[in-house]
**Student:** 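Below you will find the structure I want to go over with you.
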Amino acid sequence: VGSVLSSYGWYMLLAVVAVYLLVQKVSRSLAARPSARPGAAEAAEEPDVVVRRQEALAAARLRMQEELNAQAEKYKEKQRQLEEERRRQKIAMWESMQEGKSYKGNLKLNQQEVESGASASAVPKSKPNKKPLRGGGYNPLSGEGGGTCSWRPGRRGPSAGG
C-alpha cells in the first residue's frame with residue numbers, strides 16, 4: 001500500500017478534489033431548479049384559483065370577439081352605403097347622358113352634396129397650420145432665395161489656361 005501511495009498519491013488527491021468539486025456543482029444546479037416535474041408549479045396552486053383565471057380569460061376573449069364582430073358589422077354597413085351611393089351616381093350619370101346633358105357637371109354636384117352631407121354627420125378634423133419649408137420666392141435654378149451655398153460654376157469656353 002505504501003508503494004502505491006508513494007507513486008500515485010498526488011494523482012489520487014487531484015482525482016478526489018475534482019470529484020468533490022463536480023458533486024458540489026451538480027448539487028447547486030439541482031437546487032436552483034424550481035422543481036423536477038414540469039407541472040409541479042401548477043399543481044401547487046389551488047384548483048379554484050386556476051378555474052377562476054381560466055373563466056376570466058375566456059370572458060375577456062369573448063368580449064374582444066364581440067367587439068371585433070361589431071366593428072366588422074359597422075364596416076360592412078358603411079361599405080354597403082358607399083356602394084349604394086356609387087350605384088345612384090352611375091344611374092344619375094346614365095340618365096343625364098340619355099338626356100344629352102353633360103354628366104360630369106352633375107357628377108361634381110352630386111359629389112359636393114355627398115361631401116357636404118358627410119361633413120355634417122361626421123366631426124370635421126382640424127388640420128394644424130403648417131408653415132412652408134421654404135419661402136414663396138424660392139427657385140432652385142436661380143440660385144437665390146435662401147440657399148446658403150453661394151458657389152456657381154464658371155463660364156464655359158476657353159477663358160484661360162494654356
**Student:** What residues form a side-chain hydrogen bond (donor to acceptor under 3.5 Å, both in side chains) with E84, not counting sequence neighbours?
**Tutor:**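 For E84, the residues satisfying side-chain hydrogen bond (donor to acceptor under 3.5 Å, both in side chains) (neighbours in sequence not counted) are R87.
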
**Student:** Would you give me the side-chain donor-acceptor pairs under 3.5 Å for residues 6-23, sequence neighbours excluded?
**Tutor:**
from : atom 1 : to : atom 2 : distance (Å)
S6   : OG     : G2 : O      : 3.2
S6   : OG     : S3 : O      : 2.8
S7   : OG     : S3 : O      : 2.5

**Student:** Can you list, pair by pair, the side-chain donor-acceptor contacts under 3.5 Å of residues 56-71, counting residues two or more places apart and other chains?
**Tutor:**
from : atom 1 : to  : atom 2 : distance (Å)
Q65  : NE2    : N69 : OD1    : 3.2
N69  : ND2    : Q65 : O      : 3.4

**Student:** Scan residues 50-59 for pairs that pass salt bridge (charged side-chain N to carboxylate O under 4.0 Å, His left out), counting only residues two or more places apart or in two chains.
**Tutor:**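 Sorted result for residues 50-59: E45-R53, D48-R52.
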
**Student:** What pairs of donor and acceptor atoms, side-chain ones from residues 76-83 against any protein atom, are under 3.5 angstrom apart with sequence neighbours left out?
**Tutor:**
from : atom 1 : to  : atom 2 : distance (Å)
E77  : OE1    : R80 : NH1    : 2.5
Q79  : NE2    : Y75 : OH     : 3.4
E83  : OE1    : R86 : NH1    : 3.3

